Structure formats: structure tokens, C-alpha cells
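The structure displayed is predicted, hence computed values, not measured ones.
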Amino acid sequence: MAIPTQLRLQVVSADKALVNETVDEVEIPGADGYFGVLPGHTPLLALLGAGEMWYRRGTTTHHLLIAFGFAEVQPDAVTILAQTAEKADEIDVARAEAAKRRAEERLAKPTIDMDFERARLALLKSLIRLQVASRARIRA
């Protein structure tokens, strides 16, 4: 059997389908670190972490925020089922900056009833949103 030359990429979040394209390469934020996928990759199922995912089709690279969920990799397909996923050009930078400030303030002045992990994840997601959004501005 011949090795595939492209991958079918599907990215779905809890509330919408974001990507359904044929691509050349994908980099995914796994729970244990980033991993790249090219056509013909060995099948695997991986937990997702929070980070920047990108995929390339020809010379064009697209960036997304991905946070938690699962990735299924087959030799000719990648399916991402994410708790949170946003395309770079859809990120509201002002909202992400406000969320970053709120999370930083919460972490700087903890209270007895504060959910530290929730505040830490809010800060992490806001920082990744800002990073991914900056990629869209660089491309534009």
C-alpha cells in the first residue's frame, strides 16, 4: 500500500467544527509536549494539552488555539476533538488581554476560597490566545 501524500484534518471543539481540510503537515500540542504529523504517520491516540496548533497546506500555515481533548492520528487523517479551539483570526485580542489581567490579579492576591487551578488555566489560555492571534497579524 502506498504512503499517503496528504492528510485529512478535522478540528472540532465542544461547540463547532473549525477545520475540515486536506493538509500537508500538522503540529499538535499533546499533553506530554508538541508532536508533528506527516502523511503516513503511525496510528495513535493522544491527549491534548493547551497550546498553539498549526497546520500547513502548500506554503500557507494556519494557527489555532487548542486546549485539552484528544487527537486521533491515522496514516491519512488527523482528527482533533478539543474542549476549546479557536482560529487565530477569530480571537478577540482585547478580551484575551482583559482575561490575562484578571487572571494575573487573581493569582497575585489569592483568597482562601480561590480556585487556583482555574485561575492558572485562565491565564494559560489567555497567553496562548494572544500568541496565536499575533500569528494572524503577522500573516495579514
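Under the 4.5 Å side-chain contact rule for hydrophobic residues, V26 and L44 share a cluster. Connection of L121 to I91 is established within a shared hydrophobic cluster, with ILVMFWY side chains joined at heavy-atom distances below 4.5 Å, either directly or through further cluster members. Linking Ile, Leu, Val, Met, Phe, Trp and Tyr whenever their side-chain heavy atoms come within less than 4.5 Å puts L18 and I28 in one cluster. By the criterion of side-chain heavy atoms lying less than 4.5 angstrom apart, applied directly or through intervening Ile, Leu, Val, Met, Phe, Trp or Tyr residues, V19 is grouped together with F35 in one hydrophobic cluster.
Without hydrogens or angle criteria, R8 side chain to N20 main chain gives a donor-acceptor distance under 3.5 Å. The closest donor-acceptor contact from the side chain of R129 to the backbone of Q131 lies at 3.5 Å or more, if one exists at all.
Contact annotation: the side chain of Q6 approaches that of D24 to within less than 4.5 Å [non-hydrogen atoms, C-beta and beyond]. Looking at heavy atoms from C-beta onward, F70 lies in side-chain contact with L47 at the 4.5 angstrom threshold. Under the 4.5 Å side-chain criterion, counting only non-hydrogen atoms from C-beta, L48 is not in contact with M53. Residues Y55 and I80 fail the side-chain proximity criterion, which asks for heavy atoms closer than 4.5 Å. The closest side-chain heavy-atom distance from T84 to L65 is below 4.5 Å. Proximity of V23 to V78: side-chain heavy atoms (C-beta onward) are nowhere separated by under 4.5 Å.
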(message) side-chain contact (heavy atoms from CB on, under 4.5 Å), that's the test. Do E86 and V132 meet it? Break it down for me.
(response) CA-CA 9 Å; E86 295 176 46; V132 171; over 6 Å; no
(request) Using the side-chain contact (heavy atoms from CB on, under 4.5 Å) rule, take L81 and T79 through it: C-alpha gap first, then chi angles, then the decisive distance, then the call. (result) CA-CA 7 Å; L81 304 173; T79 304; 4.1 Å; yes
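A pairwise comparison of heavy atoms in K125 and F68 identifies CE-CE1, 4.2 Å as the closest pair. The shortest non-hydrogen separation linking P43 to P75 is CG-CD, 3.9 Å. Of all the heavy atoms in A85 and V11, the pair that sits closest is CB-CG1, 4.3 Å. Taking each heavy atom of T61 and H63 in turn, the nearest pair found is CG2-NE2, 3.7 Å. In terms of heavy-atom proximity, D15 sits nearest to S13 at OD1-OG, 2.7 Å. Taking both residues in full, the closest heavy atoms of A96 and L130 are given as CB-CD2, 3.8 Å, listed atom of the first, atom of the second, then distance.
The pair R120-E117 counts as a salt bridge, with a side-chain nitrogen and a carboxylate oxygen less than 4.0 angstrom apart. A salt bridge does not link E105 to R101: none of the charged nitrogens lies less than 4.0 Å from a carboxylate oxygen.
Taking CG of D76 as the reference point, atom CD1 of I3 lies at 12.0 Å (rounded to 0.5 Å). In this structure, the separation between CD on E27 and CD1 on I66 is 12.0 Å, given to the nearest 0.5 Å. One finds the CG atom of L64 at 9.0 Å from the CG atom of D89 (value rounded to the nearest 0.5 Å). Rounded to the nearest 0.5 angstrom, E25 CD and R56 CZ are separated by 4.5 Å. The CG atom of L127 lies 11.0 Å from the CD atom of E97; values are rounded to the nearest 0.5 Å.
Within a 6.0 Å radius of CG in D32, other residues, nucleotides and ligands contribute 12 heavy atoms or fewer.
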